[in-house]
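See structure below.
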Amino acid sequence: MSDMKQNAELFELAKDAMNKAYVPYSKFPVGAAIVTAGGKIYSGCNVENAAYPEGTCAEAGAIASMVLGGDTQIKDIYVIGKGDELVTPCGGCRQKIREFSSVDTMIHICGAEGVRKSLTMNELLPFSFGPENLEQAS
Ligand code: THU
C-alpha cells in the first residue's frame, strides 16, 4: 500500500472509531487505528466509565484488538481527536505502544483535516523501558 493511500485509509478508520467512542464524561472522543508489520489493520476508541479511572484510551482498545487478532508488531498507529491541539497519546499509552513497537514504528497524530504530525516511538517516548530490558537482565 502506498503511504498516501495508507494515510487516507487509516485516517478514515481512526475517524470512524472516534465517532463510536463512549465518552459521556469527558465528551472528548478519540480514535486509533493500527497497521501491523504484516499489513493487518485494527482500530479502537476510548471507553469511559462512571468510575472515572476505569476508562480506557483509544490506543489501548486498538492494541487489545490487535493482540486478539494474533498480532504484536505495530508498524503505524494513527490517533485522532478533536480540537486544534495535537492529540498525542497519554503517558500510559506511550508505554503501551512501546511494548509492540520497533525502530520503524511511526505514530501519526491526526486532526479533522488529516495527519498533523508523524513521530517515531523514540521521539514520543525517549529513553524508554521495554521488553529488551527484561531480556538483558536474565
Ligand atoms: N484519551 C485517549 O483515548 N487517548 C489519548 O491519547 C488521550 C486521551 C481519552 C481518555 C479520556 O477518555 C479522554 O480522552 C479525555 O482524556
Side-chain angles (χ1 to χ4, degrees):
M1 189 167 16
S2 76
D3 278 3
M4 254 175 67
K5 188 161 175 245
Q6 177 182 294
N7 271 355
E9 272 187 29
L10 271 286
F11 169 73
E12 285 304 324
L13 199 66
K15 199 165 72 173
D16 288 349
M18 177 179 73
N19 289 331
K20 289 187 174 156
Y22 177 75
V23 289
Y25 308 106
S26 74
K27 311 264 194 309
F28 190 79
V30 181
I34 290 171
V35 186
T36 69
K40 290 217 272 170
I41 286 168
Y42 299 96
S43 62
C45 61
N46 52 338
V47 180
E48 297 183 346
N49 194 286
Y52 293 173
E54 295 305 322
T56 50
C57 287
E59 296 90 328
I63 288 171
S65 173
M66 175 186 79
V67 171
L68 188 61
D71 286 298
T72 54
Q73 285 179 281
I74 300 175
K75 174 75 175 65
D76 295 275
I77 178 163
Y78 293 72
V79 180
I80 182 171
K82 308 266 183 189
D84 296 332
E85 298 292 324
L86 286 178
V87 179
T88 47
C90 75
C93 284
R94 292 177 196 208
Q95 188 69 43
K96 288 184 178 76
I97 298 166
R98 166 67 179 86
E99 181 70 18
F100 303 105
S101 74
S102 70
V103 286
D104 296 329
T105 303
M106 295 297 295
I107 298 93
H108 307 281
I109 313 301
C110 308
E113 73 288 358
V115 175
R116 285 184 182 161
K117 197 169 186 61
S118 296
L119 299 160
T120 64
M121 190 68 241
N122 199 50
E123 286 172 320
L124 196 63
L125 190 66
F127 299 104
S128 66
F129 183 89
E132 306 79 20
N133 290 86
L134 299 181
E135 282 159 20
Q136 281 163 24
S138 58

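For clarity, every value in this text was computed on a predicted model and none was experimentally measured.
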Qualifying ring-ring contact (aromatic ring centres under 6.0 Å, His included) pairs, either residue in residues 47-90, two or more places apart: Tyr25-Tyr52, Tyr78-His108
Just wondering, do [Y] and [X] contact through their side chains at under 4.5 Å, heavy atoms?
X	Y	value
Lys82	Pro29	yes
Leu119	Met106	no
Gln73	Phe100	no
Asp76	Leu10	no
Ile97	Ile74	yes
Met121	Ser128	no
Leu134	Phe129	yes
Ile77	Val79	yes

Exercise: identify the closest heavy-atom pair between Cys110 and Val115: SG-CG2, 3.9 Å
Minimum-distance pair of heavy atoms, taken over all atoms of Ala60 and Cys93: N-SG, 4.4 Å
Apart from Phe11 itself, residues in the same hydrophobic cluster as defined by side-chain heavy atoms under 4.5 Å: Met18, Ile80
Pair listing, salt bridge (Lys or Arg N to Asp or Glu O under 4.0 Å) test, anchored in residues 93-117, at least two apart: Arg98-Glu132, Glu113-Arg116
Pairs meeting criterion salt bridge (Lys or Arg N to Asp or Glu O under 4.0 Å) with involvement of residues 6-16, two or more places apart: Lys5-Glu9, Glu12-Lys15
Side chain to side chain contact (heavy atoms under 4.5 Å, CB included) partners of Pro53, counting only residues at least two apart: none
Heavy-atom donor-acceptor pair, Glu123 side chain to Thr120 backbone, under 3.5 Å: yes
When the side chains of residues 38-46 are checked against the rest of the protein, which donor-acceptor pairs come out under 3.5 Å, sequence neighbours left out?
from  : atom 1 : to    : atom 2 : distance (Å)
Lys40 : NZ     : Tyr42 : OH     : 3.3
Lys40 : NZ     : Gly69 : O      : 3.3
Lys40 : NZ     : Asp71 : OD2    : 3.2
Tyr42 : OH     : Gly69 : O      : 3.4
Tyr42 : OH     : Asp71 : OD2    : 2.6
Asn46 : OD1    : Val30 : N      : 2.9
Asn46 : ND2    : Phe28 : O      : 3.0

Spacing of CD1 belonging to Ile107 relative to CD1 belonging to Ile109, to within rounding of 0.5 Å: 7.0 Å
OG-CG distance between Ser101 and Leu124, expressed to the nearest 0.5 angstrom: 9.5 Å
